[in-house]
Participant: 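Sharing a structure below in structure tokens format, with a few things to ask.
A, B, ... follow the sequence lines: proteins, then strands. Residue 1 opens every chain.
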Protein chains: 2
Amino acid sequence: MTDALQNFKAEFFKALAHPARIKIIENLRDAEKSVTELQALLGMDQSGVSQQLGILRAKGLIVARKNGTSVFYSIKDPLLFELLDKVRTIFNNHLIDTKDMLGQLENGPQPVTFAAVSSFGRELP
Amino acid sequence: MTDALQNFKAEFFKALAHPARIKIIENLRDAEKSVTELQALLGMDQSGVSQQLGILRAKGLIVARKNGTSVFYSIKDPLLFELLDKVRTIFNNHLIDTKDMLGQLENGPQPVTFAAVSSFGRELP
DNA sequence: AATAAGCATTCAAATATTATAATATTATAT
DNA sequence: ATATAATATTATAATATTTGAATGCTTATT
């Protein structure tokens, strides 16, 4: 794989690495939204919303359409939603794993393995 | 969508938001690798590799298997690769868009080189 | 022209991440 | 026991991101 593609991926994921930006994108699933609309939907102040939109726009994930004094944002590539859906599936898999682990706790002490290093989703002790 | 899922997505993408970590994951596509092997493949020093592995491990993207004095890492959920492949597709779509845009310039059709899209990720003018 | 609405940008403080070097741990071999 | 190889952790300086307040820019209305 080329360096350009690797860097693209890293930059792309960096654009998604913030709860507010995830929320914005999720709110653009069905239709474009103005900044004011998003502001209300996210419960954030105007400056914050505009800043996060600016980041998503700079990274090319969303596009802006200006109408009068309003700016309407929409997702550039709908594949983005498939991406988010895939992460949801991974999240569900994660839940199942956790459930399995919890189930095994009830079966009494288990042999101690290197699993101590592979704790899921939380910081190591 | 629940807050938990939104935060999971953001944390998940944060784990992927670094070129070195992308490289690590790509190198785990076909088989597990030891830290030393990854160190050689990435051209990074031991500490750096181990730290990035630690982040991926803490976020639950990879799992560790200890064998003697070596630790072998592998991807936990193969869906991760589908995720990366989808980003590659988005990258390709992005290239096509850029090519179209260049073609519409007044100067007439221009040779499209990869450098033409190297501006991805920088701030807007 | 003056005002207001809707957004974007700028700035600085707070926080988080990264890179580098040094040190610690663990398992194996001598 | 000591040494060595492989990996992990810690400390810290450098850098980047986030947050919140303030300011500036367009566009529409009066």
Side-chain angles (χ1 to χ4, degrees), chain A residues 6-7 9-24 27-28 32-59 61-74 112-119 122-125, chain B residues 6-7 10-24 27-28 32-59 61-74 121-125:
Chain A
Q6 272 171 358
N7 289 332
K9 286 179 180 171
E11 289 299 315
F12 190 85
F13 288 129
K14 205 180 290 184
L16 296 171
H18 194 290
R21 296 198 288 272
I22 295 289
K23 281 181 198 167
I24 288 174
N27 274 289
L28 296 179
E32 64 177 17
K33 297 273 192 318
S34 73
V35 179
T36 302
E37 287 172 324
L38 287 173
Q39 183 179 339
L41 287 166
L42 304 188
M44 291 175 59
D45 69 358
Q46 184 271 321
S47 178
V49 175
S50 191
Q51 273 184 85
Q52 301 304 338
L53 287 169
I55 292 170
L56 291 173
R57 179 162 36 78
K59 295 289 176 71
L61 276 67
I62 61 178
V63 292
R65 179 181 72 83
K66 206 169 183 181
N67 185 11
T69 172
S70 293
V71 176
F72 290 88
Y73 282 96
S74 55
V112 175
T113 64
F114 201 79
V117 202
S118 60
S119 71
R122 65 180 167 81
E123 299 305 317
L124 290 178
Chain B
Q6 271 171 357
N7 289 332
E11 289 300 314
F12 190 86
F13 288 130
K14 205 180 290 186
L16 296 172
H18 194 291
R21 296 198 287 271
I22 296 289
K23 281 180 196 164
I24 288 174
N27 275 290
L28 296 179
E32 64 177 13
K33 296 274 192 323
S34 73
V35 179
T36 304
E37 286 172 323
L38 287 171
Q39 185 179 337
L41 287 166
L42 304 186
M44 290 175 60
D45 68 358
Q46 185 270 322
S47 178
V49 174
S50 191
Q51 271 186 83
Q52 301 303 337
L53 286 170
I55 292 170
L56 291 173
R57 178 163 36 79
K59 295 288 177 71
L61 277 68
I62 61 178
V63 292
R65 179 180 72 83
K66 204 168 182 181
N67 186 10
T69 171
S70 293
V71 176
F72 291 89
Y73 282 96
S74 56
R122 72 174 162 80
E123 300 306 315
L124 290 176

Participant: Please enumerate all residues that pass side-chain contact (heavy atoms from CB on, under 4.5 Å) together with A40(A), with sequence neighbours excluded.
Facilitator: none
Participant: Testing R57(A), R65(A), E37(A) one by one against Y73(A) for a side chain to side chain donor-acceptor pair (under 3.5 Å), which residue passes?
Facilitator: R57(A)
Participant: With nearest nucleotide decided by heavy atoms, which residue, Q51(A) or T69(B), maps closer to the 5′ end of DNA chain C?
Facilitator: Q51(A)
Participant: Which listed nucleotide (dC7(C), dA19(C), dT7(D)) is nearest to the side chain of S70(A)?
Facilitator: dC7(C)
Participant: Among residues at least two apart in sequence or on other chains, which ones pass side-chain hydrogen bond (donor to acceptor under 3.5 Å, both in side chains) with Q46(A)?
Facilitator: none
Participant: Taking R21(A) for its side chain and A15(A) for its backbone only, find out whether a donor-acceptor pair lies under 3.5 Å.
Facilitator: yes
Participant: Would you say R57(A) reaches dT9(C)'s phosphate, i.e. side-chain N/O to OP1/OP2 under 4.0 Å?
Facilitator: yes
Participant: Does Q46(A) make a side-chain donor-acceptor contact with the base of dA8(C), cut-off 3.5 Å?
Facilitator: yes
Participant: Is any side-chain N or O of H18(B) closer than 4.0 Å to OP1 or OP2 of dT15(D)?
Facilitator: no
Participant: In whole angstrom, what separates D45(B)'s CG from dT18(C)'s P?
Facilitator: 15 Å
Participant: Report the distance from atom CE of M44(A) to atom P of dA8(C), rounded to the nearest whole Å.
Facilitator: 13 Å
Participant: Taking atom P of dA19(C) as reference, at what distance in whole Å does atom CD of Q39(B) sit?
Facilitator: 16 Å
Participant: Separation of R65(A) atom CZ from dT26(D) atom P, in whole Å?
Facilitator: 20 Å
Participant: Report the distance from atom CG of L53(A) to atom NZ of K33(A), rounding to the nearest 0.5 Å.
Facilitator: 12.5 Å
Participant: Measure CZ/F72(A) against C1'/dG6(C) and give the value in whole Å, please.
Facilitator: 11 Å
Participant: Does dT17(C) have its OP1 or OP2 closer than 4.0 Å to a side-chain nitrogen or oxygen of K14(B)?
Facilitator: yes
Participant: Strictly below 4.0 Å: does S34(A) bring a side-chain N or O up to OP1 or OP2 of dG6(C)?
Facilitator: no
Participant: How long is the line joining NZ of K66(B) and P of dT28(C), in whole Å?
Facilitator: 8 Å
Participant: When only distance counts, do a donor and an acceptor, one from the side chain of E37(A) and one from the base of dG6(C), lie under 3.5 Å apart?
Facilitator: no
Participant: For L16(A) and dT17(D), what is the distance between atoms CG and P respectively, to the nearest whole Å?
Facilitator: 14 Å
Participant: Name the nucleic acid region contacted by S50(B), choosing base, sugar-phosphate or nothing; use a 4.0 angstrom heavy-atom cut-off, strictly under.
Facilitator: base
Participant: N67(A) or Q52(A): which one's nearest nucleotide on DNA chain D is closer to the 5' end?
Facilitator: Q52(A)
Participant: Looking for any heavy atom pair under 4.0 Å, which part of the strands does S47(B) touch: base, sugar-phosphate only, or nothing?
Facilitator: base
Participant: Establish, with yes or no, whether the OP1 or OP2 oxygen of dA8(C) is under 4.0 angstrom from a side-chain nitrogen or oxygen of Y73(A).
Facilitator: yes
Participant: Taking CG from L56(A) and C1' from dC7(C), how many angstroms apart are they, rounded to a whole number?
Facilitator: 16 Å
